[in-house]
Amino acid sequence: MTDIGERVQETADRLAVRHVGVVVVALAGDAVEIRGAGRTGGDRDGEPDAGTIFEIGSVTKVFTSLALARMVAAETAGLDEPLAALLPEGAEVPSRNGTEITLRHLATHTSGLPRLPKGMLLRALLRPSAPDPYAGCTAASLLRGLARTRLGAVPGRRFRYSNLGAGLLGLALAHRAGTDYETLIAREVCAPLGLSDTVITADGDRAARLAHGHDRRRRPAQAWHLADLAGAGGLRSTACDLAAFLRAQLDDGTGETAEAVRLTRQTEHRITPFSWIHLGWMGRRLHPRQGARLAIWHNGMTGGFSSFLGFDPERGTAVAVLSNTQRSVDRPAFDLLDSLEV
């Protein structure tokens, strides 16, 4: 039987054919394997490894939701608390049929909010090649746009993936905590889990470990900065940190963080007969006709990076993939998760 290390290397090599550089992580029981392939790009070009820092895009959302769950466990926020209660005084939040948007709705993409902030789609259509498209998403601009936004459905009724909703969740939690989003994640997620390189601002020694992003044609791409929409996709991280984050998803321990991890999966909204969403995490059966392996997962993509996190709590296995190319890594990642045995 092919061992876990060989499977991880095979996946990294498979991805390196179409990606500039990748790092692949697999956990199976107590075993952890991390393998890199390809190049980091930039002035300090080399093979990426466990300490290389990548933009993780929408994988950020599961960090935001874990911060929410920790604040709920600590009774400093409530899942069914209205979004309006956590925003600055005077902020106008749309509702529909008398139903307000709650934090639960934001974390499960059932708020009725559109995918993007007000006016952003028009800008994207007019300037499709414009770099760093979210850089202007300040708190002030987001709240101005929110006041003019109409909900597409009654909150809680329908799944509709929303970067706007996830970003507002991060903004609201940070405002309740009296800090900024990066500090919130450092305090609520990184410190309890021992994550040292999950940040928005990669400065100091981290700057030398940054992978350089590339578009689908493997051409250099600019970094993305999501301003106050950071809770939707603004984090950077390493394979080492993501391995520890996944280990926390599999550990059935005690304490505030373990309680919060369980809470993220106790909440569920069904999307189809074979797929659903928890707080932040997506859920599906990899082979629904056989009722087979469970995958709890999220992916991410920015202008020059792609990422994937997934785990099977029933088997105690998990996978992370980081790439510095704007090309999906989902299929090889799901295949690897499907193949792992404890």
Which pairs would a plain distance check flag for residues 241-253, meaning a side-chain donor or acceptor within less than 3.5 Å of a matching protein atom at least two apart in sequence or in another chain?
unit_1, atom_1, unit_2, atom_2, d
Asp241, OD1, Ser196, N, 3.3
Asp241, OD2, Ser196, N, 3.3
Asp241, OD2, Asp197, N, 2.7
Asp241, OD2, Thr198, N, 3.0
Asp241, OD2, Thr198, OG1, 2.9
Arg247, NH1, Gly29, O, 2.8
Arg247, NH2, Gly29, O, 3.1
Gln249, NE2, Phe245, O, 3.4
Asp252, OD1, Arg262, NH1, 3.2

State plainly whether one hydrophobic cluster holds both Met301 and Val59, where clusters connect Ile, Leu, Val, Met, Phe, Trp and Tyr through side-chain heavy atoms under 4.5 angstrom apart.
no
Rest of the hydrophobic cluster containing Val199 (Ile/Leu/Val/Met/Phe/Trp/Tyr, side-chain heavy atoms under 4.5 Å)?
none
Less than 6.0 angstrom separating the ring centers of Phe334 and Trp297, yes or no?
yes
Are Tyr161 and Ile277 connected into the same hydrophobic cluster when the rule is that any two of I, L, V, M, F, W, Y join if their side-chain heavy atoms are below 4.5 Å apart?
yes
Looking at Ser111 and Leu106, would you say the former's side chain and the latter's main chain have a donor-acceptor pair under 3.5 Å?
no
What distance do Met282 atom CE and Thr108 atom OG1 have between them, rounded to the nearest 0.5 Å?
10.0 Å
Provide the closest heavy-atom pair for Ala295 versus Leu286 in the form atom of the first, atom of the second, distance.
CB-CD2, 3.8 Å
Euclidean distance, Leu235 CG relative to Phe54 CZ, rounded to 0.5 Å
15.5 Å
Can Asp335 and Thr11 be said to form a side-chain contact (heavy atoms from CB on, under 4.5 Å), step by step?
CA-CA 9 Å; Asp335 289 345; Thr11 301; over 6 Å; no
Please report, to 0.1 Å, the donor-acceptor pairs under 3.5 Å made by any side chain of residues 69-85, with sequence neighbours excluded.
unit_1, atom_1, unit_2, atom_2, d
Arg70, NE, Glu188, O, 2.6
Arg70, NE, Glu188, OE1, 2.9
Arg70, NH1, Thr257, OG1, 2.8
Thr76, OG1, Met71, O, 3.2
Asp80, OD1, Arg104, NE, 2.7
Asp80, OD1, Arg104, NH2, 3.3
Asp80, OD2, Arg104, NH2, 2.9
Glu81, OE1, Gly78, N, 3.0
Glu81, OE1, Arg176, NH1, 3.4
Glu81, OE2, Arg176, NH1, 3.3
Glu81, OE2, Arg176, NH2, 2.7

Hey, is CD on Gln266 packed in by over 12 heavy atoms from elsewhere, all under 6.0 Å?
yes
So how far is it from His105 NE2 to Glu100 CD, rounded to the nearest 0.5 Å?
10.0 Å
Run the side-chain contact (heavy atoms from CB on, under 4.5 Å) test on Thr317 and Leu27 for me, step by step, so that the C-alpha distance in whole Å, both residues' side-chain angles and the decisive distance to 0.1 Å come before the verdict.
CA-CA 5 Å; Thr317 57; Leu27 285 70; over 6 Å; no
Validation row: Ile200, Tyr181 side chains within 4.5 angstrom (heavy atoms):
yes
Do Asp3 and Arg7 sit within salt-bridge range, that is, some charged N less than 4.0 Å from a carboxylate O?
no
May I ask you to test the Val23-Asp49 pair for a side-chain heavy-atom distance under 4.5 Å?
no
Is Leu210 isolated, or which residues cluster with it under the ILVMFWY side-chain rule of less than 4.5 Å, directly or via members?
Ile53
Rounded to the nearest 0.5 Å, what separation is found between the CG atom of Leu184 and the CG atom of Leu171?
11.0 Å
With a 4.5 Å cut-off on side-chain heavy atoms, are His175 and Pro88 touching?
yes
Ignoring hydrogens, what is the shortest heavy-atom contact between Ala239 and Val25? Give both atom names and the distance.
CB-CG2, 3.5 Å
Evaluate Arg315 against Arg293 for side-chain contact (heavy atoms from CB on, under 4.5 Å), listing each step before the verdict.
CA-CA 8 Å; Arg315 285 180 165 80; Arg293 298 197 174 197; 3.2 Å; yes
From CA spacing to verdict: side-chain contact (heavy atoms from CB on, under 4.5 Å), Leu87, Leu143:
CA-CA 9 Å; Leu87 292 177; Leu143 295 179; 4.0 Å; yes
To the nearest 0.5 Å, tell me how far Leu195 CG sits from Ile185 CD1.
10.5 Å
Is there a side-chain contact between Val319 and Val321 (heavy atoms, below 4.5 Å)?
yes
Does this structure show an ion pair linking Arg285 with Glu314, if we count only N-O contacts that are shorter than 4.0 Å?
yes
Is any NZ, NE, NH1 or NH2 atom of the basic residue among Arg327 and Asp215 found under 4.0 Å from an Asp or Glu carboxylate oxygen of the other?
no
All heavy atoms of Val22 vs all of Ala12, minimum pair found to be CG2-O, 3.5 Å
Can you tell me if Lys61 and Ser58 form a side-chain donor-acceptor pair at under 3.5 Å?
yes
What residue among Leu146, Leu168, Leu229, Asn163 forms side chain to side chain contact (heavy atoms under 4.5 Å, CB included) with Pro117?
Leu229
Give a yes or no on this: more than 12 heavy atoms of other residues, nucleotides or ligands lie within 6.0 Å of atom CZ of Arg218.
yes
Is there a donor-acceptor pair closer than 3.5 Å between any side-chain N or O of Arg209 and the backbone N or O of Gly51?
yes
With ring pair (Phe, Tyr, Trp, His ring centres under 6.0 Å) as the rule and sequence neighbours excluded, what pairs involving residues 18-46 come up?
none
Not counting sequence neighbours, list each pair that qualifies as a side chain to side chain donor-acceptor pair (under 3.5 Å) and has a residue in residues 141-157.
Thr138-Ser141
Quick one: do Val20 and Ile56 end up in the same hydrophobic cluster if we chain Ile, Leu, Val, Met, Phe, Trp and Tyr together by side-chain heavy atoms under 4.5 Å apart?
no
Pair Arg39-Asp45, salt bridge (Lys or Arg N to Asp or Glu O under 4.0 Å): steps then yes or no
CA-CA 6 Å; Arg39 314 300 296 178; Asp45 193 21; 3.5 Å; yes
Under 4.5 Å between any side-chain heavy atoms of Trp281 and Leu309, yes or no?
yes
Kindly indicate whether the side chain of Phe308, heavy atoms from C-beta on, has any atom under 4.5 Å from the side chain of Ser323.
no
Which atoms form the tightest heavy-atom contact between Pro332 and Leu15, and what is the distance?
CG-CD2, 3.7 Å
Minimum-distance pair of heavy atoms, taken over all atoms of Ala232 and Gly167:
CB-N, 3.7 Å
Taking the side chain as everything from C-beta on, heavy atoms only, tell me whether Arg270 gets closer than 4.5 Å to Phe159.
no
Minimum side-chain heavy-atom gap Thr325-Arg216 below 4.5 Å
no
Passing option when Glu55 is tested against Thr60, Asn324, Thr302 for side-chain hydrogen bond (donor to acceptor under 3.5 Å, both in side chains):
Thr302
Are more than 12 heavy atoms, taken from residues, nucleotides or ligands other than Glu256, located less than 6.0 Å from that residue's CD atom?
no
Closest heavy-atom contact between Gly156 and His269?
O-CE1, 3.7 Å
Using 0.5 Å steps for rounding, measure from the CG atom of Leu68 to the CZ atom of Phe63.
15.0 Å
With a 4.5 Å cut-off on side-chain heavy-atom distances among I, L, V, M, F, W and Y, is there a chain of contacts connecting Val62 to Leu193?
yes
